[in-house]
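Note sheet for the following structure.
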Amino acid sequence: MKDHPDQLAAAWSELVATARRTVADGLVVGTSGNVSRRLKDLVLVTPSGVPYDRLGPGDITAVDLEGRQIIGALRPTSELPMHLAVYRSTKATAVVHTHAPHATAVSTLVTALPPIHYMAAELGGPVRVAPYALYGSDELADHLLAALRDRTGALLRNHGTLTYGDSLDQALDRTAQLEWMCRVWLTAQSVPGHTPSLLSPGELAQAGERLRGYGQRGD
């Protein structure tokens, strides 16, 4: 990949733009989230503790799938074990981790986000909450993988969210959808004397089938 500097530079630029969007969209405060992108056996990842608006073309940070730093002088995010666990276990090419406020709140209340909306089908079904473990730990990465079984997103108890996809746009969109569903559920269940209606497994499955054909078709 280092033999294709233009492709590497473009991927880094896209990653930085995505990281900046997590802040602009209120999904991250300061440097509390992280973003990564896989290019074959190379993983581009945001560095630890550096504000995204300060990252430039010369700050490329990349590791291999074992976590060994291949490119850059800046230390990779402390959440690298979670990102690498996802890439080793799925076909993901992009991962977004945030501390989105509504999703983090939900992670403290339930073991899975109730199926409040059909967009849960986009993430594979009701979104599970991974048990708490120290950030940056292998234990947290293990909990995450269990929560991600047959899913493309998970909540991390008392921590935040992680979603993955085939692109940075897809991973970020899944994060935004997850945060929105958490906000809807918190709003609905806070109304005194009322219990939110939830979707059945059959209704979610039907929505999932419809979502697979959503959008514009290629030629």
Side-chain angles (χ1 to χ4, degrees), residues 14-15 17-37 46 52 79 82-83 86 90 92-130 132 144 147-192 194-216:
E14 183 185 16
L15 182 144
T18 301
R20 290 174 178 170
R21 278 189 61 191
T22 65
V23 176
D25 294 348
L27 301 170
V28 161
V29 175
T31 61
S32 61
N34 28 80
V35 178
S36 67
R37 165 85 184 276
T46 48
Y52 301 139
E79 297 290 13
M82 282 203 303
H83 290 257
V86 172
T90 73
T93 59
V95 172
V96 173
H97 165 53
T98 77
H99 293 182
H102 296 93
T104 303
V106 169
S107 80
T108 70
L109 298 172
V110 293
T111 58
L113 173 65
I116 193 74
H117 193 272
Y118 64 77
M119 282 305 293
E122 169 66 14
L123 298 175
V127 180
R128 304 184 188 99
V129 179
Y132 179 80
L144 168 70
L148 281 177
R149 180 174 46 84
D150 301 322
R151 301 288 188 270
T152 55
L155 298 172
L156 308 170
R157 186 164 70 81
N158 296 88
H159 187 154
T161 70
L162 185 141
T163 61
Y164 70 84
D166 297 331
S167 67
L168 285 166
D169 281 345
Q170 186 181 59
L172 182 60
D173 182 68
R174 285 173 172 168
T175 298
Q177 294 287 355
L178 177 54
E179 170 68 352
W180 178 81
M181 285 189 291
C182 287
R183 183 178 181 183
V184 169
W185 182 75
L186 285 170
T187 301
Q189 64 87 38
S190 69
V191 179
H194 295 270
T195 301
S197 64
L198 302 174
L199 300 179
S200 69
E203 288 168 330
L204 277 183
Q206 187 179 39
E209 287 294 324
R210 179 67 61 89
L211 285 169
R212 276 190 275 276
Y214 178 77
Q216 301 300 314

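Predicted model, so just to flag it, every value in this text is computed and none were measured.
- Applying the side chain to side chain contact (heavy atoms under 4.5 Å, CB included) criterion to Gln206, with sequence neighbours excluded, gives no partner residue.
- Across every non-hydrogen atom of Ala171 and Gly165, the tightest pair is CB-N, 3.9 Å.
- Of all heavy-atom pairs between Thr46 and Tyr52, the closest is CG2-CE2, 3.9 Å.
- Under the side-chain hydrogen bond (donor to acceptor under 3.5 Å, both in side chains) criterion, Thr161 pairs with Thr98, not counting sequence neighbours.
- The side-chain hydrogen bond (donor to acceptor under 3.5 Å, both in side chains) test applied to Gln189 returns no partner, not counting sequence neighbours.
- Among pairs with a residue in residues 153-177, those fulfilling ring pair (Phe, Tyr, Trp, His ring centres under 6.0 Å) read His97-His159, His99-His159, at least two apart in sequence or across chains.
- Minimum heavy-atom separation, Val35 to Leu15: O-CD1, 3.8 Å.
- By the side-chain hydrogen bond (donor to acceptor under 3.5 Å, both in side chains) test, Gln177 pairs with no residue at all, sequence neighbours left out.
- Legend: residues meeting salt bridge (charged side-chain N to carboxylate O under 4.0 Å, His left out) with Glu122, ordered by chain and number and at least two apart, are Arg174.
- Pairs of residues two or more places apart, or lying in two chains, never qualify as side-chain hydrogen bond (donor to acceptor under 3.5 Å, both in side chains) while including a residue from residues 22-31.
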I'd like a table of donor-acceptor pairs (distance under 3.5 Å, sequence neighbours excluded) in which one partner is a side-chain atom from residues 108-116, with atom names and distances.
residue	atom	partner	partner atom	Å
Thr108	OG1	Ala105	O	2.7

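- Pairs engaging residues 149-167 under the salt bridge (Lys or Arg N to Asp or Glu O under 4.0 Å) rule: none recorded [sequence neighbours left out].
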Can Leu155 and Leu178 be said to form a side-chain contact (heavy atoms from CB on, under 4.5 Å), step by step? CA-CA 9 Å; Leu155 298 172; Leu178 177 54; 3.8 Å; yes
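- Screening Asn34, Leu162, Leu144, Leu156 for a side-chain contact (heavy atoms from CB on, under 4.5 Å) involving Glu79 leaves a single residue, Asn34.
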Tell me which donor-acceptor pairs under 3.5 Å the side chains of residues 180-188 have, and how far apart each pair is, sequence neighbours excluded?
residue	atom	partner	partner atom	Å
Thr187	OG1	Arg183	O	2.8

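- Taking CG of Leu168 as the start and CG of Asp173 as the end, the distance is 12.5 Å to the nearest 0.5 Å.
- The minimum heavy-atom distance between Gly153 and Val127, with the atom names listed, is O-CG1, 3.7 Å.
- In this structure, the side chains of Leu27 and Leu172 come closer than 4.5 Å at one or more pairs of heavy atoms.
- Every residue was checked against the ring pair (Phe, Tyr, Trp, His ring centres under 6.0 Å) condition with His83, not counting sequence neighbours, and none meets it.
- Put simply, the side chain of Met119 reaches to within 4.5 Å of the side chain of Leu211, judged on heavy atoms.
- For the pair Asp169 and Arg21, the minimum side-chain heavy-atom distance is below 4.5 Å.
- With sequence neighbours left out, the side-chain hydrogen bond (donor to acceptor under 3.5 Å, both in side chains) criterion links Arg37 to Glu14.
- Thr90 is not listed as a side-chain neighbour of Thr152, based on a closest heavy-atom distance of 4.5 Å or more.
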